[in-house]
Amino acid sequence: MAKITIDGKVCECDEGEYILQVARRCGVFIPALCYLSGGTPTLACRLCMVEADGKRVYSCNAKAKDGMVVYSRSPEIDAEREAITQVYCINHPMACGVCDQSGECELQNLAHLMRTN
Ligand code: FES
């Protein structure tokens, strides 16, 4: 059993487990659109970026190491996530009021989150 710290929260994990999986189990929210639990990371959305031991990594593809210190947010990470989200929104119809997925849409949730942070 290993321990990593995510945003100040100590989380137990298996060495080699993906940081995103650990965060989800520990109740730490990291935005992620393309990672499916149990699947192979595709690194398509790039929203799950975090800083781990001082390096920028994608949490869906970066493995936890005992003693690792992870920050899911910083002004730079927030700005980059916001820019990525804006690109997704530009390329996506935003007629949420008439969309069947409204209220259950990860992109919609993300866009709201970016506006409120
Ligand atoms: S969840 Fe999409 S790149 Fe990590």
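For reference, positions follow the sequence shown, starting with 1. For ligands, and for the atoms within them, numbers begin at 1 and follow the listed sequence.
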Closest heavy-atom pair, Cys34 versus Ala44, reported as atoms and distance to 0.1 Å, is SG-N, 3.4 Å
Dump the intermediate steps for side chain to side chain contact (heavy atoms under 4.5 Å, CB included) on Val57 and Met49, then the final yes or no.
CA-CA 6 Å; Val57 298; Met49 68 185 85; over 6 Å; no
Here the salt bridge (Lys or Arg N to Asp or Glu O under 4.0 Å) pairs for residues 51-62, sequence neighbours left out, are Arg56-Glu80
So salt bridge (Lys or Arg N to Asp or Glu O under 4.0 Å) across residues 4-28, not counting sequence neighbours, yields Glu17-Arg25
Could you tabulate the donor-acceptor pairs under 3.5 Å formed by side-chain atoms of residues 93-110, not counting sequence neighbours?
residue: Ser102; atom: OG; partner: Cys96; partner atom: O; Å: 3.1
residue: Ser102; atom: OG; partner: Gln108; partner atom: NE2; Å: 3.2
residue: Gln108; atom: OE1; partner: Gly103; partner atom: N; Å: 2.7
residue: Asn109; atom: ND2; partner: Cys105; partner atom: O; Å: 3.4

Is a side-chain N or O of Tyr88 found less than 3.5 angstrom from the main chain of Cys45, in a donor-acceptor match? yes
For atom 2 (Fe) of ligand 1 the protein N, O or S atom count under 2.8 Å stands at 2
